Amino acid sequence: MRKQVPEKIKERLNRIEEAVKDTPNTVPNEMRTTFNFKGRKSPNIAEKVIEAVCSSEDVIYDPFMGSGSFVYAAMGKVKRIYATELDNYTFHAVSVLMNKVDMLKLGELFNNVKKDAYGEIMALYETSCCGHRNYISKLLFDPEEGKEGYFNPSGNREILDGKNVKLVEKCPVCGEKTKKFDECDYEKLVSLEKVNVERFPKKQYIVNSRINITSSTGADKYDRIFTQRNKIALLILQDAINKLGPSKGDP
């Protein structure tokens with residue numbers, strides 16, 4: 001016999017449905033750019049849900065905090081909210097947004113990191129189009145096909161006329177922001193393969209087949225999603241950050 005939903009729960013669900021039915025599911029641009037995972041919740045909807053089912057004396061718990069929509073919505077509306085998040089980046093990104101920050105000092109630190117790392121990182125992505133220097137913003141390729149996967153990747157909606165390199169700037173000659181991968185681009189990749197990236201983290205994720213983190217495909221390995229160029233760039237960035245010294249509250 002199918003278990004019946006208690007009337008009290010039904011009543012709460014109905015209240016939620018009524019509260020959010022005319023609220024658009026919009027996510028602020030800051031949230032979209034900070035958190036790249038799917039399923040980000042609209043803060044406006046989260047606020048409507050909290051207002052519909054919670055009182056000022058309630059204590060609530062969000063076990064999968066994600067981008068923090070429900071945490072923000074609950075602030076000032078309930079007595080206390082607890083939240084947890086498995087992903088370290090997401091957890092710390094949300095934590096920073098909830099702490100008082102000296103923006104002048106933060107800007108100074110960002111400038112220091114940029115001064116140390118920007119030029120070196122951009123050089124990793126340097127390319128050319130019509131004889132003019134440019135930079136790669138995205139490279140589309142078939143990783144299983146070796147060299148051929150760079151020069152002739154399978155076509156898709158992002159690759160038009162075989163142009164699989166997305167550029168940072170429009171070419172001043174052809175006016176395009178895409179180009180075909182060429183021999184110079186390949187020579188740079190070959191040279192980057194000689195760079196030692198042993199320091200790059202090789203942690204493993206907790207296997208979760210619901211979000212396609214499986215050991216059989218190697219998707220549980222943290223470094224699997226990064227190219228050699230990505231790893232070099234991130235190590236350069238980390239070294240620049242390490243020069244800043246410990247943050248307030250660090251051991």
Side-chain angles (χ1 to χ4, degrees), residues 1-107 109-110 137-138 140 156-160 166 168 177 205-214 217 219-220 222 225-226 230 247-249:
M1 187 175 184
R2 182 176 297 178
K3 189 175 182 181
Q4 295 295 313
V5 177
E7 287 300 320
K8 185 177 180 179
I9 300 298
K10 282 184 181 181
E11 190 270 333
R12 284 194 166 195
L13 292 174
N14 289 335
R15 270 194 279 159
I16 291 173
E17 182 180 11
E18 182 65 25
V20 304
K21 68 178 183 179
D22 295 322
T23 305
N25 186 25
T26 55
V27 177
N29 184 60
E30 293 82 1
M31 189 176 287
R32 288 199 303 272
T33 55
T34 303
F35 306 101
N36 61 4
F37 51 80
K38 295 181 180 180
R40 295 163 296 215
K41 305 300 186 297
S42 164
N44 292 334
I45 288 180
E47 186 173 2
K48 296 288 186 181
V49 171
I50 295 295
E51 290 174 346
V53 297
C54 297
S55 71
S56 60
E57 291 302 308
D58 281 342
V59 175
I60 62 178
Y61 171 54
D62 184 352
F64 309 106
M65 178 176 67
S67 55
S69 296
F70 279 85
V71 177
Y72 305 141
M75 295 174 78
K77 292 185 172 61
V78 297
K79 184 176 182 180
R80 185 174 290 116
I81 178 170
Y82 295 95
T84 53
E85 171 57 46
L86 180 64
D87 180 70
N88 281 336
Y89 167 79
T90 302
F91 177 83
H92 288 295
V94 174
S95 296
V96 166
L97 295 175
M98 294 185 181
N99 284 289
K100 187 176 181 180
V101 176
D102 183 338
M103 297 305 295
L104 290 178
K105 181 64 175 178
L106 183 62
L109 295 176
F110 271 121
S137 66
K138 189 175 185 180
L140 304 165
N156 60 41
R157 63 185 179 182
E158 289 194 82
I159 301 177
L160 301 176
K166 309 290 185 181
V168 172
K177 285 194 73 173
Y205 293 114
I206 296 174
V207 172
N208 186 337
S209 59
R210 289 183 64 251
I211 53 175
N212 296 321
I213 299 178
T214 56
T217 61
D220 61 329
Y222 173 76
I225 63 173
F226 300 96
N230 294 156
S247 300
K248 181 179 180 182

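No hydrogens, no waters, no symmetry mates; every other heavy atom, side chains included, goes into these values. Just so you know, these numbers come straight off a predicted model, no measurement behind them.
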Applying side-chain contact (heavy atoms from CB on, under 4.5 Å) between Lys48 and each of Asp22, Val20, Ile16, report the one that passes.
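Option passing the side-chain contact (heavy atoms from CB on, under 4.5 Å) with Lys48: Val20.
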Give, for atom [atom1] of [X] and atom [atom2] of [Y], the distance between the pair rounded to the nearest 0.5 Å.
X	Y	atom1	atom2	result
Asp58	Ile81	CG	CD1	11.0 Å
Asp62	Thr84	CG	OG1	7.0 Å
Glu85	Ser95	CD	OG	10.0 Å
Met65	Leu86	CE	CG	11.0 Å

Please check: side-chain N/O of Asn156 versus main-chain N/O of Glu158, any donor-acceptor pairing under 3.5 Å?
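A pair under 3.5 Å: yes.
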Between [X] and [Y], what is the shortest heavy-atom contact and its length?
X	Y	value
Phe226	Tyr222	CE1-O, 3.4 Å
Ala73	Ile50	CB-CG1, 4.0 Å
Thr23	Asn44	CG2-CB, 3.9 Å

With a 6.0 Å cut-off (strictly less than), is the heavy-atom count around OH of Tyr61, excluding the residue itself, greater than 12?
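Yes, enclosed.
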Counting neighbours of CD1 on Ile206 that are heavy atoms of other residues, nucleotides or ligands and sit closer than 6.0 Å, is the number greater than 12?
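Not more than 12 within 6.0 Å, no.
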Does the distance from a Lys or Arg side-chain N to an Asp or Glu carboxylate O, for Lys8 and Glu11, drop under 4.0 Å?
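Here Lys8 does not pair with Glu11 in a salt bridge, since their nearest N and O are not under 4.0 Å apart.
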Pair listing, side chain to side chain donor-acceptor pair (under 3.5 Å) test, anchored in residues 68-81, at least two apart:
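Only Glu47-Lys77 qualify under side chain to side chain donor-acceptor pair (under 3.5 Å).
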With the side chain counted from C-beta on, respond yes when [X] and [Y] share a heavy-atom pair under 4.5 Å apart, and no when they do not.
X	Y	result
Ser42	Pro24	no
Leu140	Lys166	yes
Val71	Val94	no

Residues in salt bridge (Lys or Arg N to Asp or Glu O under 4.0 Å) with Lys177, at least two apart?
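Testing Lys177 for salt bridge (Lys or Arg N to Asp or Glu O under 4.0 Å), a comparison that skips the adjacent residues, returns none.
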